[in-house]
Visitor: 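First, the structure itself, so that you have it in front of you.
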Number of protein chains: 2
Amino acid sequence: MIKRQQIKDLLKSTAFDTDVTVMGWVRTFRNNQFIALNDGSCMSNIQVVIDFNNLPDELLKRITTGAAISATGKLIESLGKGQTVEIKATNVEILGDSDPEKFPLQPKKHSLEFLREIAHLRFRTNTFNAVFKVRHALAFAIHQFYNERGFVYMHTPIITASDAEGAGEMFKVTTLDFDNTPRTEDGKVDFSQDFFARATNLTVSGQLEGELAAMAFGKIYTFGPTFRAENSNTTRHLAEFWMIEPEFAFADLEDNMQLAEDMMKYVIKYALDNCKDELEFLNSRLAEEDKQKPQNERSEFSLLEKLDFCLANDFERLTYTEAIRILKSSKPNQKKQFKYLIDEWGADLQSEHERYLVEKHFKKPVILTDYPADIKSFYMRQNEPDAEGRQTVAAMDILFPGIGEMIGGSQREERLDRLTQRMEALNIPQDELWWYLDTRRFGTAPHAGFGLGFERLVLFVTGMTNIRDVIAFPRFPKNAEF
Amino acid sequence: MIKRQQIKDLLKSTAFDTDVTVMGWVRTFRNNQFIALNDGSCMSNIQVVIDFNNLPDELLKRITTGAAISATGKLIESLGKGQTVEIKATNVEILGDSDPEKFPLQPKKHSLEFLREIAHLRFRTNTFNAVFKVRHALAFAIHQFYNERGFVYMHTPIITASDAEGAGEMFKVTTLDFDNTPRTEDGKVDFSQDFFARATNLTVSGQLEGELAAMAFGKIYTFGPTFRAENSNTTRHLAEFWMIEPEFAFADLEDNMQLAEDMMKYVIKYALDNCKDELEFLNSRLAEEDKQKPQNERSEFSLLEKLDFCLANDFERLTYTEAIRILKSSKPNQKKQFKYLIDEWGADLQSEHERYLVEKHFKKPVILTDYPADIKSFYMRQNEPDAEGRQTVAAMDILFPGIGEMIGGSQREERLDRLTQRMEALNIPQDELWWYLDTRRFGTAPHAGFGLGFERLVLFVTGMTNIRDVIAFPRFPKNAEF
């Protein structure tokens, strides 16, 4: 067994004059004397003070940025500023060298673009240490939130034969060969010879399967990877991303909104409570970034203020119809500053409209409900037509400042006749979804659910601006490195 | 908002004579009077007593097995056996009918094979309610275990361009068309026109990427889906399954064994503490099944005894070399009862040998270490050759009674020269894994990790015998239904 203490624990320790061993990676080495050592257990480094007179020159030369070392010595009270303890090392051992001519991470500011190219090493920077610690905390908080509320964690399938959900373009999964592809008599690809004896894809959502489970356990959630084969090279889209999809029976749209708001507040509070150092670092980082911007583009709130604000205030709830009214009479619409002008009820909201509502008009998270049926999915519950005969569905989108759509959900259409009618209208094959329809045939009940894009949540809480910086190894068009 | 109480909470309540509303699915309806209602919140049903004189016949007829109903009435102390409370209903509403002629789940024992065909409904049986509640608890326990110990949860990529790990056959992921496949000048498939501009697959393991993160955070774990395109139709293999892969720096094989044993005990204890009813049910279920078997095939231990035994005893630790010695002189080897006779050092252990060690010889979980290098992966740390010059690696396999291999892991080869030497010998392209080798170039350090097949853990703890019964919608050759 390898004996070592974690830097995180030592920095809180007051057991002065005890012998300790730390192992980690050198961040800096100053004056042949002061090593700033980081072992990943926390953002802070511990200072290891060495007596260069007692160490061979050969060894001193190898204490370079990025090298892994083991240091043994006494834990002492630090006289230096910004730290309470340090280690007076009696022994230093090089575990792994790091050639300063070749190691790409030098103790200076690197651009996020550059770090993306070396995603396998960027975890060793303060920014990415903080981002992924927050990501971890948010993931754990989500599990804890649902566990406390009795939701059963379901692993819905990643490989699926159903392409009926229509949430987006799909990746094919196959073991067939592009050369000598088996063909049926009429020349089509013979998928009966593929691994699953049919054409299969990567899932775009676990919702439909989640509904099956919710109609037995009452309350379930998924937390797994989902995929979109869309050629979008934006700062908000990934080809592979993680989603959380709760689904619960005996629930309506209002229950759904409440669950979503409770969840968001719970996980943000958990991050604030458990990632104090990380969020303070990210707060300063964002403030620094902001200073580089022209006055009128700077944020009104700091990152921490923004998070606190979310906890302290109710999300604004309004219908699509009300939102259209606000947008129509808004200044950017009147002055034709929107790229897509809001003219009529029925228009799909664009990012510019969502941002206006959230960032300018309400200045807080907004839940939009009851969208026109025509711009939403087949499984959403049909409302009674409004006074003007317009057909809406019990959908909800939750919009966040700086992010746009964070959550999309709905009460589900539990009435078999209404559901199949809609599927027919949209040409969705009912025989492929026989199992989905069975839930409406046998003991159907009101139920609801939503999907939260996990990386968008991490973006919001960390204040990062590119979604490729909040997942370890991002997948996007033309990129599957690492 | 829909107001209802959970059955789980009511069964523990003593607030007699208060008005309550429950919603759930009818399990049985006896004597036009007693409804056994289940809402998925727990295994137990609540008894809803109705006064058939005050309810219309039309309604009574619709109270059938599988129907979803809402019942309102007073919570009262129950006089019946096996329950403490019941509901004296004043109002019953049908939420969703279930045609008794068509609903496949009748209140009788169905075979697991039959239930596998209706995996979308099997959650509504006691057995699968119990199995998936235990699965949930185990998943949560794993997150809690690693979170408490400061391991950072990493989402390693599902779509990967690396096929170098050699853990098994892979599924292709592509957006190319089988018709009009783009070709290069020399007639090969032109993957530069595929979505990721290269050939990609579904991951077989997150280990290599996990190592990158461990060399920054010190301690990480993954919990995600992994895939094998192998044509194995067994009770222990799936094409899509979930794996937990911790990886930690400054750790050797002994640390690795300790972490694995601590984890297994922690999660089993968590299940025992949090799934008492479910495990008792599964315990009885297994005892019933056992009774059907001939005497000599029956288990020595009940499920609960087996789980308790795991907690109370240290796992047996021995080297491969010691295991070979035991197997060579074992009765089944001497009597030529093994299908693969153990003759020489270097033989790969088969399931029959593992089972002999675990179930006959030691009768407890066994950790086998230090396997011959030739039968293990390139990234495992090379031991010094033994007295007879034989080359082993610091690998470990953890074997469990009734399951066989539960965990496979190793200390990793952190020495660049040793690692590349091995890759050369095995024809593993080093340029593709440049990022992996970088961890050995810049601040390399001893580190270790392992992979736990989640479904095998669930099999062990639930006492189920077919891996297709412990994942919601199993994926295996010729099957991707639901």
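The sequence lines fix the lettering, A, B, ..., with proteins before strands; numbering per chain opens at 1.
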Visitor: Using non-hydrogen atoms only, which part of B:Asn479 is less than 4.5 Å away from chain A: side chain, backbone, both, or neither?
Guide: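 Only the backbone of B:Asn479 comes within 4.5 Å of chain A.
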Visitor: Out of B:Thr439, B:Ile220, B:Ile471, B:Leu176, return the one with the most heavy atom pairs under 4.5 angstrom to chain A.
Guide: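 Option with the greatest count: B:Leu176.
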Visitor: Between CD1 of A:Ile159 and CG of B:Leu202, what distance do you get to the nearest 0.5 Å?
Guide: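 Rounded to the nearest 0.5 Å, the CD1-CG separation comes to 5.5 Å.
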Visitor: Does the B:Arg124 side chain pair with the main chain of A:Met215, one donor and one acceptor, at a distance under 3.5 Å?
Guide: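 Yes.
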Visitor: So what's closer than 4.5 Å to chain B heavy atoms on A:Ala67: side chain, backbone, both or neither?
Guide: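 Contact with chain B is through the backbone of A:Ala67 alone.
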Visitor: Rounded to the nearest 0.5 Å, what's the gap from CG on A:Leu121 to CG on B:Leu212? Could you check?
Guide: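 Answer rounded to 0.5 Å: 8.0 Å.
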Visitor: For B:Pro474, which atoms come within 4.5 Å of any heavy atom of chain A: side chain, backbone, both, or neither?
Guide: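 B:Pro474 has no heavy atom closer than 4.5 Å to chain A.
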Visitor: Could you tell me which portion of A:Ala249 (side chain, backbone, both or neither) has an atom closer than 4.5 angstrom to a non-hydrogen atom of chain B?
Guide: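 Both the backbone and the side chain of A:Ala249 come within 4.5 Å of chain B.
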Visitor: Using non-hydrogen atoms only, which part of A:Tyr221 is less than 4.5 Å away from chain B: side chain, backbone, both, or neither?
Guide: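 When you check distances to chain B, only side chain atoms of A:Tyr221 fall under 4.5 Å.
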Visitor: Counting heavy-atom pairs under 4.5 Å with chain A, which one of B:Gly40, B:Gly443, B:Gly96 comes out on top?
Guide: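 Looking at each option in turn, the highest pair count goes to B:Gly443.
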Visitor: At a 4.5 Å cut-off on heavy atoms, which part of A:Thr181 comes close to chain B: side chain, backbone, both, or neither?
Guide: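 For A:Thr181, side-chain heavy atoms alone lie under 4.5 Å from chain B.
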Visitor: Please state whether the side chain, the backbone, both or neither of B:Glu240 comes within less than 4.5 Å of a heavy atom of chain A.
Guide: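 It is the side chain, since no backbone atom gets that close.
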Visitor: Considering only heavy atoms, which portion of B:Trp242 lies under 4.5 Å from any heavy atom of chain A: side chain, backbone, both, or neither?
Guide: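 Side chain only.
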Visitor: For B:Lys8, which atoms come within 4.5 Å of any heavy atom of chain A: side chain, backbone, both, or neither?
Guide: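 Neither the backbone nor the side chain of B:Lys8 comes within 4.5 Å of chain A.
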Visitor: Given a strict heavy-atom distance threshold of 4.5 Å, which part of A:Ala229 is in contact with chain B: side chain, backbone, both, or neither?
Guide: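 Contact with chain B is through both the backbone and side chain of A:Ala229.
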Visitor: On the 0 to 90° scale, with breaks at 30° and 60°, tag the A:Trp434-B:Phe482 ring pair as parallel, tilted or perpendicular.
Guide: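 Tilted: the ring planes of A:Trp434 and B:Phe482 meet at 30° to 60°.
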Visitor: Looking only at the side chains, is there a donor atom on one of A:His143 and B:Asn147 sitting less than 3.5 Å from an acceptor on the other?
Guide: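 Per modelled atom types, A:His143 and B:Asn147 side chains form no pair under 3.5 Å.
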Visitor: Under 4.5 Å heavy-atom distance to chain B, tell me which part of A:Phe241 shows up: side chain, backbone, both or neither.
Guide: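 Contact with chain B: none, neither part.
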Visitor: Below 4.5 Å from any heavy atom of chain A, which atoms of B:Ser41 appear? Answer side chain, backbone, both or neither.
Guide: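 Just its backbone gets close to chain A.
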Visitor: Name the region of A:Lys219, side chain, backbone, both or neither, that has any atom closer than 4.5 Å to a heavy atom of chain B.
Guide: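 The answer is the side chain of A:Lys219.
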Visitor: Give the C-alpha distance, both sets of side-chain angles, the deciding distance and a yes or no for side-chain contact (heavy atoms from CB on, under 4.5 Å) between A:Trp435 and B:Glu481.
Guide: CA-CA 9 Å; A:Trp435 40 271; B:Glu481 192 65 90; 4.1 Å; yes
Visitor: Does any backbone or side-chain atom of B:Gln144 lie under 4.5 Å from a heavy atom of chain A? Answer side chain, backbone, both or neither.
Guide: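 Contact with chain A is through both the backbone and side chain of B:Gln144.
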Visitor: Starting at CG of B:Leu253, measure out to CE of A:Met1 and round the result to the nearest 0.5 Å.
Guide: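 Answer rounded to 0.5 Å: 10.5 Å.
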Visitor: Which value, rounded to the nearest 0.5 Å, describes the distance between A:Met23 atom CE and B:Phe250 atom CZ?
Guide: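 That separation rounds to 7.5 Å.
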Visitor: One thing to verify: whether B:Asp179 and A:Arg183 come together as a salt bridge, which I'm taking to mean a side-chain N less than 4.0 angstrom from a carboxylate O.
Guide: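 Salt bridge present between A:Arg183 and B:Asp179.
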Visitor: So, taking the atom named CZ in B:Phe473 and the one named NE2 in A:His155, what distance separates them when rounded to the nearest 0.5 Å?
Guide: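 So the CZ of B:Phe473 and the NE2 of A:His155 are separated by 13.5 Å.
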Visitor: When only pairs under 4.5 Å are counted, which of B:Phe178, B:Phe123, B:Phe103 shares the most heavy-atom pairs with chain A?
Guide: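 Maximum pair count with chain A is reached by B:Phe178.
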Visitor: Any donor and acceptor pair, going by atom type alone, linking the side chain of A:His136 with main-chain N or O of B:Tyr153 inside 3.5 Å?
Guide: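 Here the side-chain-to-backbone pair exists.
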Visitor: Where on A:Thr200 is there a heavy atom nearer than 4.5 Å to chain B: the side chain, the backbone, both, or neither?
Guide: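 Just its side chain gets close to chain B.
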Visitor: Chain A: which of B:Met154, B:Arg135, B:Lys3 shares the most heavy-atom pairs with it under 4.5 Å?
Guide: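 Top count of heavy-atom pairs under 4.5 Å with chain A: B:Arg135.
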Visitor: For A:Arg122, is it the side chain, the backbone, both or neither that has a heavy atom under 4.5 Å from a heavy atom of chain B?
Guide: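 Looking at A:Arg122, nothing touches chain B.
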Visitor: Starting at CZ of B:Phe442, measure out to CG of A:Asp99 and round the result to the nearest 0.5 Å.
Guide: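 Rounded to the nearest 0.5 Å, the CZ-CG separation comes to 7.0 Å.
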Visitor: Where the side chain of B:Trp25 meets the backbone of A:Ala216, is there a donor-acceptor pair that is under 3.5 Å apart?
Guide: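 Answer holds: no.
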Visitor: Need one label for B:Phe151: side chain, backbone, both or neither, based on atoms under 4.5 Å from any heavy atom in chain A.
Guide: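 For B:Phe151, backbone heavy atoms alone lie under 4.5 Å from chain A.
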Visitor: So for A:Phe223, is it side chain, backbone, both, or neither that comes closer than 4.5 Å to the heavy atoms of chain B?
Guide: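 For A:Phe223, backbone and side chain are both near chain B.
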Visitor: Is there a donor-acceptor contact under 3.5 Å from the side chain of A:Asp255 to the main chain of B:Ile2?
Guide: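 Here the side-chain-to-backbone pair exists.
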Visitor: Given 3.5 Å as the limit, does a donor-acceptor pair link the side chain of B:Arg475 with the main chain of A:Pro157, or not?
Guide: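 Checking the backbone N and O of A:Pro157 against the side chain of B:Arg475, no donor-acceptor pair under 3.5 Å is found.
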Visitor: Between A:Arg4 and chain B, with a heavy-atom cut-off of 4.5 Å, which part of the residue counts as in contact: side chain, backbone, both or neither?
Guide: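 Looking at A:Arg4, just its side chain touches chain B.
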Visitor: Contact part of A:Asp97 toward chain B, heavy-atom cut-off under 4.5 Å: side chain, backbone, both or neither?
Guide: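 It is the backbone, since no side chain atom gets that close.
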